[in-house]
Amino acid sequence: MCFHCSIMLARKGLLPDGFLLTRLAEDQNQPNRSRSRAQRARFITKTGSCNVAHKNIREQGRFLQDVFTTMVDLKWQHSLLIFTSAFLCSWMLFAMIWWLLAFAHGDLEPRDPNGEPGPVPCVTAIHSFTSAFLFSIEVQVTIGFGGRMVTEECPLAITVLIIQNILGLIINAVMLGCVFMKTAQANRRAETLIFSRNAVIAPRNGRPTFMLRVGDLRKSMIISATVQLQVIRRTVTAEGEVIPVCQLDIQVENPLRSNGIFLVSPLIISHTMERGSPLYELSAQSLSSEDLEIIVILEGVVETTGITMQARTSYTPEEILWGRRFVSIITEEEGRYCVDYSKFGNTVPVRISCLSAKELDQTRGVQEGGSEAQLQGWGLVRAGRGGFRRGGRACESSAPQPWYAQTEKPEKEAEQKGQKKTVQLEVIGRQTDEDGL
C-alpha cells in the first residue's frame, strides 16, 4: 500500500492513526536506505556476471585479431545472425561466379530444342541466376539433386568447384565450433551451483566467523574444487593515494591452509575474523556503513566433460547478517544422507557481541605487536586456561575454553610452576664464556 493511499484511508477513518504514524516513520527512513544502496555499486552480481562497463576503447581492432573468441562472447541473436549471413553470402558469391562462367561460355543463350545440339556447357541446366544460385547451394551443402553438374568442358569451373568445397568446409567448422562452444561454456555448469543469498557472522569455536553456504544441485561432482574469498574496498595509502579497488584475499578456514573442498553436499565456507584478517576491525555498528564487497569464486573441473568451470557471487554489507547462523539441512535417512534444499538459506539468531574481533581482543588484553602473539604457521589460538596453541600443540592447559572467558591467573602461581621464569641473555652468554675458560 502506498503512502498516499494510507493518508486517504486514514482521513476517511478506515485506518487507525498508529498505522499511519508507523508508515510515516518507515517512509522517512526508506529513502536514505534506498539512496545508499543505489549509490553503492557492486563488481560481481548475485548471478556471477561482472558489473563493469568498458568505455572509450580506441583500439577496437584488437577484437578482430581473435575472431573466434569474439564470436563466442557475442549474444545468441548476434551469433545466429552471423551464422546465417555467412552461409547466405557464400552461396550468393559463388552463385554470381557460376552465372558469370555460364554467361562467358555462352550457356545462357536461348537454343532451339528441336534444332541441333549446341556446344557442351560448363554446368548443365543453368539458364538463369536462380538456377546458378541453386547449383551453388547444391555444391556447398553437397546435396546433389542430379539435375545440374560440372562438365569437363571448362577447367575454370572445376577450379571454382574445388574452392567452394574447401571454403564451405571452413565455414561449417567455424560456425559449428562457435555454436558448440557457446552451448558447452563453463558458466552453464555454474547454473547448478548455488550460493546462499545472505552471508552470516556468528561465533564458531569462540571466535567471530564469517560464513556462507554453497551447494551443487547435480550428482556429477566438481573435481579439484577450490573456493577463494576476496574483499574489495576503497582504501587510502599513507601517501594519500586513493585506491578505489583494493583486492585483499581472505583465508578460508581449513587446517591444511588450502582452499580445496569436497563438494559432495552443501558446505558452509567459513573464515575466522582474527588478527591479519581484512574483517578484523568489522563490528555490528560499522557493518552497515562499510564500503566493501566480499567476492566468492568457486573453481573446479566438471567431472563429465573435463572443462574448467567457475562460479561467482558477492556479498555487500546489506547481505551480511550479524548474529545469525545457518540451520542444518543434512539428515540421515535409511542408511544415506538426505539434503533438504528448502532450508538452504534459512538462518537462526545466535548470541554474539556487537564488538569487532579487534575490540574483543583488546578487552581480553591481547595487544597488537605483542611478543606472545607472533603469528607463525597457523598462528596462535587460545587453548586452555590462558595458554596458546602453536601449530596444533597446546603450550599450557589442555582443557579448551572460549577465548573471551575471564581466566586470569595469579603471577605467583605461574612462577611456582616455573612457567614465567625469565633469564637475561647477557647472563647466559657470560656463563657460557666462563665455562669455556
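Below, all heavy atoms of this structure are taken into account, side chains as well, without hydrogens, waters or symmetry copies. Throughout, numbering of the chain's residues begins at 1 and tracks the sequence.
Panel note: side chain Q164, backbone S136; a donor-acceptor pair is recorded below 3.5 Å. E293 contributes a side-chain N or O that, together with a main-chain N or O of F43, makes up a donor-acceptor pair within less than 3.5 Å. Under the 3.5 Å distance criterion, the side-chain polar atoms of T70 are matched with a main-chain donor or acceptor of D66. Side-chain atoms of W322 come within 3.5 Å of backbone atoms of S353 as a donor-acceptor pair (strictly under, hydrogens ignored). Judged by distance alone, the side chain of R324 and the main-chain N or O of T347 form a donor-acceptor pair under 3.5 Å. Proximity of a side-chain donor or acceptor of S286 to a complementary backbone N or O of L282 within less than 3.5 Å is not detected. For R197 (side chain) and G345 (main-chain N/O), no donor-acceptor pair under 3.5 Å exists by modelled atom type.
For L287 against P317, the heavy-atom pair with the smallest separation is O-CB, 3.1 Å. Scanning all heavy atoms of the two residues, the minimum distance from A190 to A311 falls at CB-CB, 3.8 Å. Nearest heavy-atom pair, R234 versus V242, reported as atom, atom and distance to 0.1 Å: NH2-CG1, 3.4 Å. Closest of all the heavy-atom pairs between S196 and Y315 is O-OH, 2.6 Å. Residues V296 and F195 approach most closely at CG1-CE2, 3.8 Å, considering heavy atoms. When all heavy atoms of V139 and N165 are compared, the closest pair comes out as O-OD1, 3.1 Å.
Around atom NZ of K46, more than 12 heavy atoms belonging to other residues, nucleotides or ligands sit under 6.0 Å away. Around atom CZ of F68, more than 12 heavy atoms belonging to other residues, nucleotides or ligands sit under 6.0 Å away.
Side-chain polar atoms of R42 and S314 form a donor-acceptor pair below 3.5 angstrom. R204 and T209 share no donor-acceptor pair across their side chains, judged by distance under 3.5 Å alone. S283 and E359 form no side-chain donor-acceptor contact under 3.5 Å, judged by distance and modelled atom types alone. Side-chain atoms of N198 and E319 form no donor-acceptor pair, as typed in the model, at a separation below 3.5 Å. For R189 and T192, the side-chain atoms include at least one donor-acceptor pair closer than 3.5 Å.
Residues D249 and Q228 have side chains in contact (heavy-atom distance under 4.5 Å, counting atoms from C-beta outward). Residues M92 and F129 have side chains in contact (heavy-atom distance under 4.5 Å, counting atoms from C-beta outward). Counting heavy atoms from C-beta on, the side chains of Q77 and L81 never come closer than 4.5 Å. Between Y341 and L217, the closest side-chain pair of non-hydrogen atoms falls below 4.5 Å. Proximity of D361 to Y280: side-chain heavy atoms (C-beta onward) are separated by under 4.5 Å at one or more points. The closest side-chain heavy-atom distance from I294 to L279 is below 4.5 Å. With a 4.5 Å cut-off on side-chain heavy atoms, I44 and C50 count as touching. Side-chain contact between L263 and L193 is present, with heavy atoms from C-beta onward closer than 4.5 Å.
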Quick one: do I137 and F94 satisfy side chain to side chain contact (heavy atoms under 4.5 Å, CB included)? Show the steps, please. CA-CA 9 Å; I137 297 176; F94 282 97; over 6 Å; no

Go through the steps for K182 and M71 under the test side chain to side chain contact (heavy atoms under 4.5 Å, CB included), then give the verdict. CA-CA 9 Å; K182 287 184 69 66; M71 294 180 63; over 6 Å; no

If you apply the rule side chain to side chain contact (heavy atoms under 4.5 Å, CB included), what do you find for F87 with V141, and how did you get there? CA-CA 10 Å; F87 283 102; V141 189; over 6 Å; no

What's the verdict on side chain to side chain contact (heavy atoms under 4.5 Å, CB included) for T308 and E299, showing C-alpha distance, side-chain angles and the deciding distance? CA-CA 7 Å; T308 303; E299 293 182 348; 5.6 Å; no

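Using a cut-off of 4.0 Å between Lys/Arg side-chain N and Asp/Glu carboxylate O, R148 and E138 are scored as salt-bridged. E303 has no carboxylate O lying under 4.0 Å from a charged side-chain N of R218, or vice versa, which leaves the two without a salt bridge.
Shown here are the ring-ring contact (aromatic ring centres under 6.0 Å, His included) partners of F135, two or more places apart in sequence or in another chain: W98. For F326, the ring-ring contact (aromatic ring centres under 6.0 Å, His included) criterion is met by no residue, not counting sequence neighbours.
Between the CG atom in L229 and the CD1 atom in I269 there is a gap of 7.5 Å [rounded to 0.5 Å]. N346 CG to S328 OG: the interatomic distance, rounded to the nearest 0.5 Å, is 11.5 Å.
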